[in-house]
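These notes concern the structure reproduced below.
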Amino acid sequence: QVQLVESGGGSVQAGGSLRLSCVGTKYYQYGRFTMAWFRQAPGKEREGIAVKHNDGNTDYADSVKGRFTISLDNAKNTLYLQMNNLNPDDTAMYYCAADESRLGPLWTGEDEYNYWGQGTQVTVSS
């Protein structure tokens with residue numbers, strides 16, 4: 001059973017950076033998974049913000065494009081989200097998600113993913 005554990009959240013000032021990590025259960029080849037980061041701000045729906053497709057390509061939501069970078073270290077079973085130039089609108093609970101399927105343009109749909117982490121909080125102050 002795949003289990004995902006996020007870490008790296010915290011409180012930063014606007015303009016700062018954070019790197020989130022999501023460690024997966026050993027012995028799974030996450031390079032073959034669709035792996036994504038979602039976030040949910042208070043009172044808002046969960047939104048997909050970055051994905052690494054199982055063909056290695058990446059996609060980003062417009063709100064984070066150019067500021068966030070998703071990457072996967074297969075040797076460490078770890079998915080990363082490097083977040084730069086943070087602003088208060090980035091304040092949210094951040095979740096990683098994984099699925100064995102090729103999702104393509106469906107990657108932003110939270111119902112498409114079988115595996116979720118517990119979340120890590122990111123708070124950005126102005």
Side-chain angles (χ1 to χ4, degrees):
Q1 177 76 6
V2 172
Q3 292 186 331
L4 305 172
V5 179
E6 301 98 332
S7 63
S11 297
V12 295
Q13 290 190 327
S17 298
L18 283 173
R19 188 177 77 160
L20 306 183
S21 300
C22 171
V23 180
T25 314
K26 289 183 180 180
Y27 310 123
Y28 288 91
Q29 296 187 18
Y30 293 103
R32 298 181 179 178
F33 283 57
T34 298
M35 301 198 72
W37 287 96
F38 283 71
R39 68 184 181 187
Q40 187 167 22
K44 294 187 177 181
E45 294 185 352
R46 191 173 299 189
E47 63 167 336
I49 56 171
V51 65
K52 188 203 71 65
H53 296 285
N54 56 5
D55 62 2
N57 290 323
T58 57
D59 279 310
Y60 298 90
D62 289 343
S63 57
V64 307
K65 198 173 295 182
R67 300 187 298 123
F68 291 10
T69 303
I70 189 172
S71 61
L72 175 68
D73 186 332
N74 276 306
K76 295 183 179 180
N77 304 312
T78 302
L79 182 74
Y80 297 102
L81 185 68
Q82 178 66 44
M83 306 186 294
N84 298 328
N85 194 20
L86 286 160
N87 62 65
D89 289 339
D90 296 316
T91 295
M93 185 71 79
Y94 284 71
Y95 301 89
C96 67
D99 195 84
E100 302 95 328
S101 303
R102 179 176 182 175
L103 298 181
L106 300 179
W107 72 269
T108 58
E110 60 178 305
D111 292 340
E112 302 295 332
Y113 295 84
N114 277 324
Y115 309 107
W116 288 86
Q118 82 291 348
T120 186
Q121 177 68 38
V122 172
T123 303
V124 184
S125 58
S126 57

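Computed from a prediction, not measured in an experiment: that's the story for all the values here. Heavy atoms only: backbone and side chains are in, while hydrogens, waters and symmetry mates are out. Numbers here are sequence positions counted from 1.
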Requested in this report: Measure the CG-CG distance between Asn54 and Asp99 for me, rounded to the nearest 0.5 Å.
Outcome: 9.5 Å
Show the atom names and distances, to 0.1 Å, of all donor-acceptor pairs under 3.5 Å that link a side chain in residues 10-21 to residues at least two apart or in another chain.
unit_1, atom_1, unit_2, atom_2, d
Ser17, OG, Asn84, OD1, 3.0

Query raised in the report: Nearest 0.5 Å, what's the OG-CG distance between Ser71 and Leu81?
Result: 8.5 Å
Query raised in the report: Where do Cys96 and Leu79 come nearest, in terms of heavy atoms and distance?
Result: CB-CD2, 4.3 Å
Query - Interatomic distance, Arg67 atom CZ to Leu86 atom CG [nearest 0.5 angstrom] - result: 6.5 Å
Report task. Answer whether the closest heavy-atom distance between the side chains of Asp59 and Asn57 falls below 4.5 Å. Result -> no
Query raised in the report: Angle class for the Phe33/Tyr28 ring planes (parallel below 30°, perpendicular above 60°, tilted otherwise)?
Result: perpendicular
Query raised in the report: With a 4.0 Å cut-off, would you call Arg32 and Glu100 a salt bridge?
Result: no
Report task. List the atom of Arg39, the atom of Ile49, and the distance in Å for their closest heavy-atom pair. Result -> NE-CG2, 3.7 Å
**Report entry** Met35 and its side chain to side chain contact (heavy atoms under 4.5 Å, CB included) partner, picked from Thr58, Val51, Leu72
**Finding:** Leu72
Requested in this report: Give a yes or no on whether the backbone of Ile70 and the side-chain of Tyr60 come within a donor-acceptor separation of less than 3.5 Å.
Outcome: yes
Query raised in the report: For the hydrophobic clusters of this structure (ILVMFWY residues joined by side-chain heavy atoms under 4.5 Å, transitively), does one cluster hold both Val124 and Phe38?
Result: no
Report task. For the residue pair Lys52 and Tyr30, establish whether any side-chain heavy-atom pair is separated by less than 4.5 Å. Result -> no
Requested in this report: Specify whether Tyr94 and Phe68 have parallel, tilted or perpendicular ring planes, treating 30° as the upper limit for parallel and 60° as the lower limit for perpendicular.
Outcome: tilted
Report task. Please report the closest heavy-atom contact between Ser63 and Glu47, naming both atoms and the distance. Result -> OG-OE1, 4.3 Å
Query raised in the report: Taking all atoms of both residues into account, what is the closest heavy-atom pair of Ala36 and Tyr113, and its distance?
Result: CB-OH, 3.4 Å
Report summary line: Shortest non-hydrogen pair, Met83 vs Val122, comes out as CE-CG2, 3.9 Å
Query - Same cluster (ILVMFWY, side-chain, under 4.5 Å), Met93 and Tyr80 - result: no
Requested in this report: Would you indicate whether the side-chain heavy atoms of Tyr95 and Leu4 approach each other to under 4.5 Å?
Outcome: no
Requested in this report: Spell out, as yes or no, whether a donor-acceptor pair under 3.5 Å connects the side chain of Thr78 to the backbone of Asp73.
Outcome: no
Requested in this report: Could you list the residues that satisfy side chain to side chain contact (heavy atoms under 4.5 Å, CB included) with Val5, not counting sequence neighbours?
Outcome: Gln118
Query raised in the report: What's the spacing between Leu106 CG and Asp111 CG if we round to 0.5 Å?
Result: 11.0 Å
Query raised in the report: Nearest 0.5 Å, what's the NZ-CG distance between Lys26 and Asn77?
Result: 8.0 Å
Requested in this report: List the atom of Gly48, the atom of Ala61, and the distance in Å for their closest heavy-atom pair.
Outcome: O-CB, 3.7 Å
**Report entry** Gap separating the OG1 atom of Thr34 from the CG atom of Asp55, nearest 0.5 angstrom
**Finding:** 8.0 Å
